[in-house]
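Here's the structure we're looking at; comments come further down.
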Amino acid sequence: MNKIKIFAPATVANVSCGFDAMAFALEDLGDDMLFTKNDSGKVSISKIEGAKLPFETQKNAASFVADAMLKDSNATFGVEIEIIKNYKPGSGLGSSAASSAGAAYAINELLGRPYNKTQLTKFAMLGEEVACGSQIADNVAGVIFGGFVLICNYEPLDIVSIPTPTELYVSVLHPQIELRTEEGRAILPKDIPLKMAVAQWSNVGGLISGLHTSDYNLIGRSVVDHIIEPVRKKMIPHFDAVKKAALADGALAVGISGSGPSIFALSKGEAQAKSVAESFKKTYTNKGIEFTTYVSKIGTQGVRKI
């Protein structure tokens with residue numbers, strides 16, 4: 001194989017209660033990337049569309065990951081990368097993770113698949129550090145494994161795939177403002193009351209149980225964030241109004257996607273998810289902020305060839 005084109009999905013991280021430990025992939029929203037072997041022995045980026053991102057190998061998440069993998073595997077070839085961003089960086093939908101994990105997957109294919117999914121996640125985490133300053137696994141694991149994932153441990157890295165109920169859909173509202181991950185992390189509380197922590201990890205357990213048993217009501221009751229959302233929602237205009245309207249319209253749960261500003265809602269069935277997306281639009285119309293909405297199934301396959 002001398003060339004591969006891939007689709008790297010957007011992701012929703014944290015899923016409200018699972019801060020830095022849970023994420024899921026979307027099926028219908030993501031980036032397209034093309035990787036072509038050459039004889040240069042180096043990694044280069046020849047095209048970036050849809051976003052202003054660095055072309056320098058050591059400053060771009062995708063090329064940084066690709067370079068690290070070629071060096072680790074003692075590869076004798078170089079790679080040229082083309083990146084088509086289909087949604088904006090700073091959206092809270094794992095834009096850098098799509099680039100990082102997409103590169104890890106593609107380079108592994110060009111090398112003949114010497115690395116497993118956990119190893120690919122470790123490489124992709126290097127790209128997250130370049131883009132966001134932290135080697136966080138949730139978004140990139142969602143891209144690589146697909147569906148819902150749980151990061152059980154970082155040392156050693158332990159990732160568990162969680163089943164996805166067949167009728168579970170996600171609606172997303174993306175206000176066209178940029179909130180960088182570093183900003184979202186800077187305002188987080190340093191200390192958490194024990195009672196609040198107990199409620200939070202109980203919700204994680206309830207969410208995982210609901211996903212395993214396709215108990216949609218339990219999923220809805222469990223996707224509640226007592227710790228991060230009360231702080232970060234202040235950075236997202238009209239968050240409370242959006243959440244209230246979506247829940248009234250029948251959404252199972254509503255929360256902040258990653259560090260924001262995107263807001264996600266889980267619903268049972270596509271028709272309900274589309275109705276929630278319309279609720280998003282009604283709430284945000286005439287607020288003086290441009291926005292985009294998406295409706296998607298959970299992307300159980302994750303990153304893939306196209």
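Throughout, numbering of the chain's residues begins at 1 and tracks the sequence.
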Apply side chain to side chain donor-acceptor pair (under 3.5 Å) to residues Tyr115 and Asp72 and explain how you reach the verdict.
CA-CA 11 Å; Tyr115 301 107; Asp72 184 79; 2.5 Å; yes
How are the rings of Phe24 and Phe148 set relative to one another: parallel (under 30°), tilted (30 to 60°) or perpendicular (over 60°)?
tilted
Please evaluate residues Tyr154 and Ile136 with respect to the criterion side-chain contact (heavy atoms from CB on, under 4.5 Å), reporting the C-alpha separation (whole Å), side-chain torsions for both, the decisive distance (0.1 Å), and the verdict.
CA-CA 9 Å; Tyr154 272 85; Ile136 303 300; 3.8 Å; yes
Please round to the nearest 0.5 Å and tell me the distance separating atom CG of Asn14 and atom CZ of Phe19.
6.0 Å
Heavy-atom nearest pair, Ala25 first then Pro9, reads CB-CG, 4.1 Å
Tightest non-hydrogen contact, residues Asn38 and Glu80, listed as ND2-N, 3.8 Å
So which of Lys305, Arg304, Lys3 actually passes salt bridge (charged side-chain N to carboxylate O under 4.0 Å, His left out) with Glu109?
Lys305
All heavy atoms of Ser267 vs all of Val276, minimum pair found to be OG-CG2, 3.6 Å
Answer yes or no: does atom NZ of Lys274 have more than 12 heavy-atom neighbours from other residues, nucleotides or ligands under 6.0 Å?
no
Within 45° cone and under 6.0 Å: Lys117 NZ/CZ vs Phe145 ring:
yes
Tell me whether Leu207 is reachable from Tyr169 by hopping between hydrophobic residues (I, L, V, M, F, W, Y) whose side-chain heavy atoms are closer than 4.5 Å.
no
At their closest point, which heavy atom of Glu56 faces which heavy atom of Ser63, and how far apart are they?
O-OG, 3.7 Å
Applying side-chain contact (heavy atoms from CB on, under 4.5 Å) to Thr76 and Asp39, what does each step give before you reach the verdict?
CA-CA 8 Å; Thr76 58; Asp39 297 325; over 6 Å; no
Is Glu229 salt-bridged to Lys234, cutoff N-O under 4.0 Å?
no
Heavy-atom pair of closest approach, residues Ile6 and Ala106:
CG2-CB, 4.3 Å
Decide, yes or no, whether a salt bridge links Lys297 with Asp28 under the criterion of side-chain N to carboxylate O below 4.0 Å.
no
Evaluate whether atom NZ of Lys244 has more than 12 neighbouring non-hydrogen atoms of other residues, nucleotides or ligands under 6.0 angstrom away.
no
Stepwise side-chain contact (heavy atoms from CB on, under 4.5 Å) test for Val242 and Phe280:
CA-CA 6 Å; Val242 169; Phe280 284 162; 3.5 Å; yes
Is it the case that more than 12 heavy atoms not belonging to Asn116 sit under 6.0 Å from its CG atom?
yes
Exceeds 12 heavy-atom contacts within 6.0 angstrom, atom CD of Gln58
yes
Ignoring hydrogens and geometry, is there a side-chain-to-backbone donor-acceptor pair from Lys59 to Phe55 under 3.5 Å?
no
What one should report as the nearest heavy-atom pair of Ala246 and Ser279 is N-OG, 3.6 Å
Can you list every side chain to side chain donor-acceptor pair (under 3.5 Å) pair that touches residues 128-149, not counting sequence neighbours?
Thr11-Asn139, Ser96-Glu128, Glu129-Gln135
Tell me whether Glu49 is salt-bridged to Lys85, with the criterion being a basic N under 4.0 Å from an acidic carboxylate O.
no
Any donor-acceptor pair under 3.5 Å linking the side-chain atoms of Thr57 with those of Asp67?
no
Pair Lys47 + Glu82: basic N to acidic O under 4.0 Å
yes
My understanding is that only residues two or more places apart in sequence, or in another chain, count here; which of them pass ring-ring contact (aromatic ring centres under 6.0 Å, His included) with His238?
Tyr284
Taking salt bridge (charged side-chain N to carboxylate O under 4.0 Å, His left out) as the definition, give me every residue that meets it alongside Lys281, ordered by chain and number, with sequence neighbours left out.
Glu278
